[in-house]
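Numbers here simply count residues along the sequence, with the first being 1.
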Amino acid sequence: MSPLRPYGDTTGDGMVQLSFTLPMPHSKVADGAALQLASKMGMDPALVVHSKPMGEGFTFFVVYGRVNHLVEPDQVTVVERDFPLLTPKEANAAIKRSLRRRLVVVGACIGTDAHTVGIDAILNIKGWAGEKGLEYYRELKVVNLGAQVSVPELVERSLAEHADAVLVSQVVTQRDAHLLNTREMSAAFREAFPAGKRPLLVVGGPRFDEAMADELGVDRVFSRGTTPGEVASYLVHRVTDRPTRKAS
């Protein structure tokens with residue numbers, strides 16, 4: 001595919017929209033500073049189309065302008081789905097046939113993260129995006145620990161439940177908290193479980209890069225837009241390939 005230029009008003013005009021906050025009171029000087037930043041980022045010409053005070057001493061901006069950069073789709077690297085999407089019926093049948101017991105999933109938000117919307121969208125029966133959550137699957141046992149779960153508590157419960165997979169949602173990302181928490185979790189599970197007996201470790205959240213699984217020490221990273229069906233299909237694909245474990 002040939003290089004592409006951003007589209008705004010007309011094809012190939014290079015127009016983009018950028019939003020950011022500066023630690024300055026809302027004023028004409030702040031608007032000028034926003035334009036200066038846009039210019040240094042390669043937007044020429046640039047226009048402040050929106051500015052608004054964000055509490056004392058901060059201003060939020062939306063800038064619209066032209067860039068000359070091209071994108072080259074042939075050089076883009078992404079993590080492609082390497083497993084088939086299954087219906088709940090197909091997933092249940094695969095688990096029953098391969099494991100002859102229920103597949104155990106433990107889910108939580110770890111650290112200080114209290115945002116359960118993401119983990120609930122995947123686990124709760126009501127689901128998300130028109131798909132039922134993992135609780136809907138007859139052959140899945142889902143243990144949702146909720147928010148602000150410590151890593152030791154997550155490990156202890158996973159051991160007690162004989163978890164096949166652990167799902168962790170991280171929305172709080174200040175100072176890369178999601179990355180630090182994930183690495184701490186990965187290390188704790190590797191210490192607590194014998195080699196080859198560790199459950200699958202799956203993390204998800206809007207700020208994760210799906211290509212970072214190896215770096216973070218987990219088996220899979222899911223980013224924004226992931227549906228319950230995708231997660232269920234991945235778990236079935238990975239867990240049913242493992243040696244069968246007797247029901248406890």
**OP:** Measure up the F208 and H178 rings against each other and bin them: parallel (under 30°), tilted (30 to 60°), perpendicular (over 60°).
**Re:**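 It falls in the perpendicular class, over 60°.
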[X] [atom1]: over 12 foreign heavy atoms closer than 6.0 Å:
X    : atom1 : answer
E156 : CD    : no
D82  : CG    : yes
M41  : CE    : no
Y136 : OH    : no

In the single-linkage hydrophobic clustering (I, L, V, M, F, W, Y; side-chain heavy atoms under 4.5 Å), do [X] and [Y] co-cluster?
X    : Y    : result
L103 : I122 : yes
V151 : V143 : yes
M54  : V29  : no

If you define the side chain from C-beta out and look only at heavy atoms, does anything of [X] sit under 4.5 Å from [Y]?
X    : Y    : answer
V63  : Q17  : no
L99  : E139 : no
L235 : L167 : yes
L179 : L216 : yes
V104 : H162 : no
V218 : L200 : no
I95  : Y137 : no
V168 : M185 : yes

**OP:** For salt bridge (Lys or Arg N to Asp or Glu O under 4.0 Å), just list the numbers for R157 and E161, CA-CA rounded to whole Å, side-chain angles, deciding distance to a tenth of an Å, and then say yes or no.
**Re:** CA-CA 6 Å; R157 189 62 182 275; E161 296 288 348; 3.0 Å; yes
Whether [X] side chain and [Y] backbone form a donor-acceptor pair below 3.5 Å:
X    : Y    : value
T10  : D13  : no
D219 : L201 : yes
R190 : G217 : yes
D209 : A211 : yes
D74  : M1   : yes
S233 : L86  : yes
T226 : F222 : no

Quick one: pull up [atom1] in [X] and [atom2] in [Y] and give me the separation to the nearest 0.5 Å.
X    : Y    : atom1 : atom2 : answer
D120 : N124 : CG    : CG    : 4.0 Å
R102 : N92  : CZ    : CG    : 9.5 Å
T182 : M212 : OG1   : CE    : 8.5 Å
M15  : Y7   : CE    : OH    : 12.0 Å
R5   : L70  : CZ    : CG    : 4.5 Å
D113 : Q170 : CG    : CD    : 5.0 Å

**OP:** Please test F60 against S19 for side-chain contact (heavy atoms from CB on, under 4.5 Å), starting from the C-alpha separation and ending with a verdict.
**Re:** CA-CA 7 Å; F60 173 77; S19 63; 3.7 Å; yes
Minimum heavy-atom separation for [X] to [Y], with atom names?
X    : Y    : answer
V149 : L154 : CG1-N, 4.0 Å
A30  : F61  : O-CZ, 3.4 Å
P206 : S223 : O-OG, 3.9 Å
P228 : G133 : CB-CA, 3.9 Å
P6   : H69  : CD-O, 3.7 Å

Original post:
Side chains of H115 and S169: donor-acceptor distance under 3.5 Å anywhere?
Top reply: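 On atom types as modelled, these side chains do not qualify, holding no pair under 3.5 Å.
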Original post:
Side chains of E131 and T227: do they bring a donor and an acceptor to under 3.5 Å?
Top reply: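 The answer is yes; a qualifying pair exists.
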Regarding [X] and [Y], does a basic nitrogen lie under 4.0 Å from an acidic carboxylate oxygen?
X    : Y    : answer
D9   : R66  : no
R101 : D164 : yes
E215 : R183 : yes

Original post:
Is the Lys NZ or Arg CZ of R220 less than 6.0 Å from the centre of Y234's six-membered ring, within 45° of the axis?
Top reply: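 Yes, R220 lies over the aromatic ring of Y234.
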**OP:** Evaluate side-chain contact (heavy atoms from CB on, under 4.5 Å) for V106 paired with L145, printing each intermediate quantity in order.
**Re:** CA-CA 7 Å; V106 175; L145 301 182; 3.9 Å; yes
**OP:** Give me the one residue out of L37, N68, V67 that meets side chain to side chain contact (heavy atoms under 4.5 Å, CB included) with M43.
**Re:**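 Filter result, single survivor: V67.
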Original post:
Going through the checks in order, is the side-chain contact (heavy atoms from CB on, under 4.5 Å) test met by V166 and V202?
Top reply: CA-CA 6 Å; V166 175; V202 180; over 6 Å; no
